[in-house]
Every structure is written in C-alpha cells, then in structure tokens.
Amino acid sequence: MLNASLRELSKQLAEKKLSSVELTSFFLQRIKTLNPNYNAFITTNEEISLAQAAAADKMLAIGKGGALTGIPIAQKDIFCAKGWLTTCGSKMLSNFVSPYDAGVIERFNLAGAVNIGKTNMDEFAMGSSNETSYYGIVKNPWDTKAVPGGSSGGAACAVAARLAPAATGTDTGGSIRQPAALCGISGIKPTYGLVSRYGMIAFASSLDQAGPMAKSVDDLALLLNVMVGFDARDSTSLQRPQEDYTSDLERPLSGLRIGLPKEYFAKGMSPDVESAVDSALAEYRKLGAETVEVALPNASLSIPVYYVLAPAEASSNLSRFDGVRYGYRAQSYSSLTDMYRKSRAEGFGPEVKRRILIGTYVLSQGYYDAYYIKAQKLRRLIAQDFTEAYQQCDVIMGPTTPTVAFNLGEKSTDPIQMYLSDIYTSAANLTGMPAMSIPIGFGDKNRPVGLHIIGNYFKEAQLLNVAHQYQRITDWHLKSAV
Amino acid sequence: MQWEIVIGLEVHAQLSTQSKIFSGASTAYGAAPNTQACEIDLALPGILPVLNKGAVERAIKFGLSVNAKINSPSKFARKNYFYPDLPKGYQISQLAFPTVQGGCILVQVNGTEKSIRLTRAHLEEDAGKSLHEDFYGMTGIDLNRAGTPLLEIVSEPDMRSSIEAVAYAKTLHTLVRWIGICDGNMQEGSFRCDANVSVRPVGTEKLGTRCEIKNLNSFRFLEKAIDFEAQRQIEILEEGGTIQQETRLYDADKDETRTMRTKEDVNDYRYFPDPDLLPLEISAEWIEQIKQTLPELPQARRDRYMAEFGLSAYDVSVLTASREMADYFDATVKLLPTQAKLCANWIMGEISGRLNKEDMEISDCPVKPDDLAALLVRISDGTTSGKAAKTIFECLWLGEYGKNVDAIIEAKGLKQISDDDAIEKLVDDVLLANVQQVTDYRNGKEKAFNSLIGQVMKAAQGKANPTQVNVILKKKLSGK
C-alpha cells in the first residue's frame with residue numbers, strides 16, 4: 001500500500017483484495033504516527049474519512065467504482081470542504097468549518113475518493129517554504145532540516161512521506177511545482193480555467209490554479225481526469241470537451257522538440273541542479289527528442305510582474321477577513337475600525353501583511369498606472385514570448401527551482417531571496433499555460449531536483465506524455481523518502 | 001450677485017430580477033434578516049461571482065430606451081473599501097467600461113422641453129444593511145440586500161434648478177417602470193438619488209465646488225435638499241467663504257443637509273478589473289433581441305397622443321405618467337376613437353381621483369377600459385348625462401348590475417330626456433309657473449335665465465339633456 005500506484009490501488013480495490021476502509025485506516029494510522037515528525041497535515045477527521053471509505057466500499061461492492069473510488073486523497077487546506085475545518089494555514093480561519101464544498105472537493109467526492117485530511121500550507125498560499133503557516137513549518141521528508149517548499153508543502157510532504165497516495169495542491173506562482181521538486185514528487189499546474197476555483201480560497205484570482213500532486217505522472221493523469229471540468233459557479237471556468245489525460249501517455253517521443261530557454265540556463269541555477277537537468281535532457285535525447293534553444297527575452301520580468309499583480313489581487317481578496325462575519329475576531333476593541341485593525345493585525349501573519357501592504361500600495365491612486373497597469377502590459381509581453389517560443393518547440397524545459405531544498409529558516413528573514421525560489425515557475429501562472437515538475441535526481445545533501453516542463457495552452461496531455469515517457473525509463477519517481 | 005445652480009444626479013435603480021446580480025439568492029423585499037443571503041452574498045472564503053444575465057438585459061433595455069451606446073465588452077471592477085455591511089470588502093461595479101454609455105432624457109419643465117444628457121449607466125451590486133435599532137451598543141447586519149442588482153444612472157450636470165432635477169428624476173422613474181426594469185418603489189429603496197449640487201455666478205463657465213447629497217428617497221426630499229443646499233452654498237460664497245467638497249446627508253425632520261464626510265477622508269477605492277469575471281461581451285444579435293421587447297416609449301407615446309388625438313401637452317403628460325395609465329387610455333380610446341378628450345378627462349378625473357382615494361393602482365381598477373368606454377358611449381350619444389354618468393360609474397366600480405351600463409341606466413332610471421317635445425312641455429310648465437322671472441329676464445336680468453334652467457332641470461329630476469333645455473328655453477323666451 002505504501003508505494004503502490006493509484007492504478008494498483010484501484011485494481012486491488014476493484015478486485016476486493018483490499019477495502020477502502022482498510023486502505024484509509026492504513027494511511028490514517030500512518031498520519032497519526034508520523035505526522036508529528038513532518039507536520040504535513042493540519043486536520044484529520046477519521047469519522048468523515050472512514051464514512052467516505054465505507055461509502056466507497058459499497059460502491060465498489062456493486063461494481064460502480066471509478067478509477068479513484070475508495071482512494072484516499074490529501075486535500076490542501078485551501079479547499080473548502082463541508083464539515084471540515086478549513087484554515088488556509090491562517091489563524092484568521094482557525095475556527096472556520098466550511099458549510100460548503102469547493103468544486104474540486106465535490107468532484108473528488110463524486111468520484112468516490114476519500115478525503116484523508118487537510119494538508120498544511122503557507123498562510124493563504126503565500127510562501128515558498130511552508131514556514132508562514134499558522135500551524136507551523138512542514139519538514140522535508142528527505143531531510144527534516146530542509147523546507148518542503150511552498151505553498152503546497154504539506155501536500156508534497158504528505159505524498160513524499162507516504163502519508164497519502166496522492167494530494168491536491170494549488171499553484172499561484174509555483175506552489176505545486178516548487179514543493180513537488182523539493183520533495184521529489186510529480187505535480188502539474190493545468191491551464192488556467194481548467195479546474196474550478198469555486199471554493200478554493202482565493203489568493204491571486206487571475207493566477208490561482210488547482211492541480212494534482214502524486215508519486216508518478218500516471219497518477220497525475222488519473223487525478224486530472226477527476227479534477228478538470230467546467231463549473232458554472234466559476235466564471236473563469238472553461239467549457240471544453242472532457243479529455244482523458246491517460247490516453248496519450250504511451251505515445252513515443254521521437255520528433256519531440258524540446259525548447260531550452262537560454263534565460264533559464266544562465267546564472268542563478270546551482271551546479272547540482274544544472275547537472276541533474278543535463279542528465280534528464282540526455283535521457284530525453286535517448287527517447288528521440290531533440291533540443292532547440294529558444295528565447296524568452298522577458299523572462300527576468302516574471303518575478304517583478306508577479307510580485308505586483310499577485311499582491312494587488314490578494315490585498316482585495318483578503319479584505320473579507322475582517323472579523324465581522326466569520327473567522328477570527330480580536331477579543332477587545334474600542335470601535336469598528338479598531339476591531340478591523342486588531343482582528344487583522346492579530347489574525348494575519350507577517351508575510352500576508354507584507355503582501356496586503358504591497359498590493360494596497362500598487363493599486364492606490366497615483367501608483368496604479370506605474371505598477372499595476374505596467375505589470376499587466378508586461379504580463380502580455382511575457383505570454384507573447386512563450387507563444388513565439390512554441391513556434392520552434394513543443395514543450396519548454398528547464399529546472400523547476402534554482403536550487404535544491406534550502407534549510408529551514410535559511411531564507412525566512414529575507415523575503416526577496418524567498419521570492420526568487422519561484423523564478424522559473426511564475427511565468428506559467430502569468431501566462432496561464434500548463435506546467436509541471438517531475439523528479440530527476442538528487443543534488444546537494446542528497447536533496448531532490450525537479451525538471452520543469454511547460455507547454456502551450458491545453459497541452460496537458462502532451463506534458464503528461466512527455467513526463468511519463470521519462471518515468472518509463474528512469475526510476476527517480478520510485479525513490480521513497482521513507 | 002445672481003447665482004446659477006448646477007445639479008447632476010446619480011440614480012440607483014434596483015433591477016427587477018428574481019435573483020441577485022452574482023448569486024442565486026432571492027431579491028424579494030421584506031424577508032427576515034439574512035434569510036436571503038447565500039454563501040456568495042456572505043462572501044464565504046472561496047466563493048466566486050456569476051453574472052445574472054437578466055440584470056445585463058435590463059441594463060441594455062435601459063440603454064436602448066435612452067439612445068445610449070451599449071459598450072461591448074463592458075467590464076466589472078472592484079471598488080475596495082471596508083464597511084461591515086460590505087461582505088467581500090469590495091463592491092463589484094463598473095468603471096472604465098460601463099454597459100451603458102451616453103444617451104439623453106427629454107424632460108418637460110413648465111411646458112418647455114429640456115434634454116438632460118446621461119454620462120453612463122453602470123451595473124453594480126448593492127451592499128447589505130446595518131441595523132442599529134434593537135441592538136443596544138451593537139450593530140446588526142442584514143445581508144439580504146447584499147448583491148441586489150443596481151443600475152447606477154449618472155447624469156451630466158445639466159440641471160439648473162431643483163424643479164428640473166425633480167422633473168428629470170420623475171421622468172427617469174417613469175421610464176424605468178415603463179420598460180419594466182425596476183419597480184420604482186422608493187419606500188423600499190428601489191429607486192434612490194444622490195444629488196451633486198454646486199453654484200456659480202450667472203454667466204460663468206467654470207463649475208463651482210460641488211457637494212454630494214446622498215440617498216434621497218423621495219422627490220420632495222430631493223427638491224428640498226437641493227434648495228437648502230444651494231442656498232447654503234450661496235450664503236457661504238456671498239459671505240466670502242469657500243465651499244468644501246464633501247458628502248452630505250439630508251435631514252428631513254430639520255429640512256437641512258449636514259456633513260457626512262469631507263474630501264479629506266474620502267476613500268481611495270483602489271479600483272481594478274475584477275479577475276473573477278470575464279469581460280462582458282454583448283453581441284449585436286442580443287441587443288437586437290432586446291430591442292424587440294421594448295414597448296413604445298413614453299416620449300413616442302406622448303407625441304402620438306398629441307398628433308393623433310390633438311390632446312394638450314398637459315393631458316398627454318398625465319396620461320403617460322405610467323405605462324399602465326397610458327395602456328388604459330389606449331384601450332379605452334380604441335373603442336371610442338372620436339372621443340379622445342372625453343376619455344382623457346374621465347381617466348384623469350373620475351378614475352384617477354377614485355384610485356387616489358382608495359390608494360389603488362390603475363392595474364387594480366375595477367372599472368376596466370371596456371366598462372368605461374361603454375359608459376362614455378352612452379354620454380356621447382346623449383342616452384345619459386355627464387352628471388348621471390357619475391352614478392353609473394359608481395355602480396361599475398362596485399360591480400353592480402353585472403357591470404352592464406345599459407342595465408344600470410335602466411335600473412336607476414338615469415336615461416336622459418332628449419325628446420324635444422317632452423322638454424318643451426317641461427319648459428312651458430316652468431315658464432307658466434314663473435311669470436315674474438320671465439319678465440325679469442326679458443327686462444335684461446340675465447341671472448333669471450339660470451334660475452329658470454334650474455327649475456326645468458328640477459322638474460325633470462335632472463334627467464333632461466342640458467343642451468337641449470338651454471336651446472329650447474332660449475327659443476321660448478325670445479318668443480319664437
């Protein structure tokens with residue numbers, strides 16, 4: 001059960017060699033024993049999980065199960081789930097039990113999957129190391145002195161430490177791919193609009209995208225099949241024919257053109273990461289792919305543009321956390337303004353406050369044109385770069401992160417250094433294009449390295465195919481941290 | 001110094017959709033607090049807005065009715081500020097690309113027509129309501145209103161008196177109800193005005209500093225608030241002072257405006273495009289479809305009534321005060337095309353008076369257009385008198401005699417005596433019995449004539465056709 005793929009688990013469940021209750025109990029037990037070492041989960045709820053497992057077993061008994069029926073999935077605590085404490089990693093929501101299900105949760109429930117627990121995350125998904133959570137830092141299972149990455153650090157840790165077979169994450173600037181890379185697992189951020197944002201607590205609405213995190217690409221494809229789909233409750237949700245993301249996995253890669261942006265292979269990347277990426281590219285050439293150099297001239301603007309737009313949207317999205325209707329309210333206050341001020345001062349952590357301040361600043365009169373409008377224009381230029389690059393290649397590859405997982409506390413006092421962790425990943429959020437990370441080896445201190453694969457809009461199936469073919473001839477994804 | 005008052009109005013019209021602008025919750029008025037607010041209206045973490053197509057349709061309908069441009073795409077923006085009854089911490093509104101842009105409204109002021117230009121009309125959501133009563137030392141929040149669709153109609157500063165402003169507001173009020181996009185109920189806040197008021201010396205071009213008076217929910221308050229505010233500003237300026245730009249509230253009890261907030265504490269709303277809503281594309285086909293549903297507009301109706309029936313501007317403006325009234329007139333006059341003035345008089349007089357007295361709407365009037373037309377036919381063909389018709393009308397109102405006009409005339413004996421011989425007989429009798437008055441009349445006492453008419457009518461128990469009585473009496477007196 002520990003290292004089994006989703007297909008294997010599904011097969012065992014379907015053949016009644018295993019029940020969902022057994023499987024769920026197994027992982028609940030692991031969480032109970034091991035979570036104190038990692039702090040990957042904020043909340044577990046055995047009662048609900050086991051009830052879901054029992055319901056799944058009934059479905060399976062009458063042969064009505066699907067690929068994920070009865071499979072425990074760890075849900076990032078950013079997804080509202082009915083009856084579950086939903087904190088988004090913040091003190092602000094430390095008492096919020098959601099009365100409704102997010103679109104993503106609904107889809108997993110409908111598929112008969114089991115919610116095994118809510119995973120830890122950077123507060124309101126703001127962070128690249130999982131050190132900003134009100135619920136404490138998460139540790140990297142490969143080396144507990146290292147960060148797991150963020151903001152889906154709890155999710156990445158849960159999968160890497162085998163506390164759950166698979167997990168959901170969300171990615172606003174790299175929050176699925178960066179922790180996947182640092183924890184040695186696979187993760188994909190689909191095209192913006194493919195997965196419903198309804199019930200996913202908003203950080204930066206135009207960048208936020210949910211996606212799956214798992215041990216292998218094959219698992220990701222199965223998870224995507226459940227997660228992707230139109231949701232009328234999300235106006236940015238895309239109406240497209242349902243795709244089977246597993247159908248293209250086995251396509252050979254001969255003739256594939258891999259674009260290597262010279263900007264991603266310049267300074268910034270550490271040598272250990274570079275050599276792992278080089279080895280991975282060598283594997284790809286063996287698979288019949290060719291590499292071409294492409295240019296992304298505005299690549300260096302991604303981080304500055306991201307850190308104007310994301311905080312701008314966040315400052316507005318987080319206004320609702322005012323202590324009036326739900327969530328944390330300060331104990332004592334003297335007036336309405338004082339209540340707002342104290343509730344927000346006490347309820348939000350420093351990184352969230354920092355971004356609210358930046359966002360408020362860039363949207364304010366007199367600065368709006370210079371920052372927000374300018375950033376929107378640059379965002380378009382960045383997207384144009386990619387569109388042009390895709391004239392010459394099918395997918396773009398590079399490192400997911402410039403370094404392997406850094407030490408806990410190493411960057412937490414230097415926000416700029418921390419922000420640079422997302423230097424390669426944020427462009428895909430600005431453009432809305434799909435991107436993923438897969439494990440390709442180990443670097444310094446034997447910590448995992450991830451390969452970043454970016455594709456054109458709606459090319460998820462191709463990305464999965466490209467990544468899966470690599471996993472067919474390598475075994476990095478089979479290495480376990482525990 | 002002579003001062004000119006400059007007024008622009010912002011009108012908030014609540015659109016008559018069943019559900020809210022971004023959620024499926026009901027918009028019905030008067031429900032218990034917070035029973036019509038779903039997770040979207042409460043702004044629970046993770047919720048997203050979905051635009052109500054009906055609200056957009058109504059905005060387009062309005063735009064078409066004032067000859068405005070329908071913007072496509074129009075865009076929604078977030079207006080950020082903190083207030084306890086604003087659940088998301090921002091209001092979704094429109095800024096740079098409102099759905100409706102430009103247009104104008106023709107207003108009748110003292111018999112002359114004036115065109116008031118519109119700047120824009122944009123869609124937005126309403127906030128909730130803070131309840132201060134019943135909560136000692138605390139405030140209750142009712143989010144039933146939160147998310148109610150509003151169309152904010154902004155005029156250019158084209159009005160020059162409170163009378164013009166009221167005329168404009170009333171015309172707009174009629175229009176939004178006429179085209180069925182707003183119920184216009186001012187007590188329930190479905191139609192409310194903010195007035196921007198400034199003054200300047202007559203003959204100057206430059207606008208004075210304006211003050212905005214918020215939330216005027218009656219035409220009377222609108223007029224009084226503007227008058228007070230203009231006078232206040234004139235007095236300050238005449239004493240050598242300057243006007244502070246500010247937002248003011250009108251206190252109806254004291255009939256004065258007072259400061260709500262000054263420019264110094266005006267919010268920086270940090271508007272930016274709402275990333276949760278895509279730009280709103282409005283196709284030409286959709287606009288055309290909506291155009292087909294537009295009724296004949298008040299202005300067109302007024303022009304038609306004047307041209308077709310020769311009615312006065314006053315009559316026409318009363319008859320088109322609401323679409324229901326105009327439809328009632330149309331239905332009546334259709335049965336009696338040559339008697340438009342008679343129809344108009346009865347609708348404006350007897351019908352309106354009775355409805356007012358009973359506090360009823362014309363749509364609830366128990367005397368239907370066919371009933372009224374049947375009655376008016378009997379007046380115009382002389383079967384009954386105008387006076388007796390009031391009695392018949394009463395029977396129609398009460399639904400007596402199966403609302404059959406002829407049956408009522410018969411039963412109540414209200415048939416007019418129109419037979420010349422019969423009237424002559426009556427006149428002869430009266431002349432014989434009143435020799436003194438006949439002599440007086442013949443000696444030049446005009447008054448005596450009226451007295452004789454009265455005697456004849458009395459003898460006829462009021463049923464004699466007055467015109468005929470008049471003619472016959474005159475003939476007899478002149479000895480012909």
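Just so it is clear: chains get the letters A, B, ... in the order the sequence lines come, proteins before strands, and each one is counted from 1. Computed from a predicted structure; not experimentally measured.
A/Tyr306 meets the ring pair (Phe, Tyr, Trp, His ring centres under 6.0 Å) test with no other residue; sequence neighbours excluded.
Contact of A/Ile78 with chain B is not made at all, since no heavy-atom distance falls under 4.5 Å. Heavy atoms of A/Thr360 lying under 4.5 Å from chain B belong to its backbone as well as its side chain. Neither the backbone nor the side chain of A/Tyr367 comes within contact range of chain B, judged by heavy atoms closer than 4.5 Å. Contact of A/Phe321 with chain B is made through the side chain alone, with heavy-atom distances under 4.5 Å. For A/Ala204, no part lies under 4.5 angstrom from a heavy atom of chain B.
The two residues B/Pro45 and A/Tyr100 come nearest to each other via the heavy atoms O-OH, 2.6 Å.
Taken to the nearest 0.5 Å, the OG atom of A/Ser237 stands 10.0 Å off from the CG atom of B/Leu48. The OG1 atom of A/Thr86 sits 10.5 Å away from atom CG of B/Leu44, with the distance rounded to the nearest 0.5 Å.
B/Asp268 contributes a side-chain N or O that, together with a main-chain N or O of A/Gln365, makes up a donor-acceptor pair within less than 3.5 Å. With A/Arg325 contributing its side chain and B/Ala43 its backbone, the two residues share no donor-acceptor pair below 3.5 Å. In this structure a side-chain-to-backbone donor-acceptor pair under 3.5 Å is missing from A/Thr236 to B/Pro275.
Residues B/Arg270 and A/Tyr368 have side chains that never bring a donor and an acceptor to within less than 3.5 angstrom of each other.
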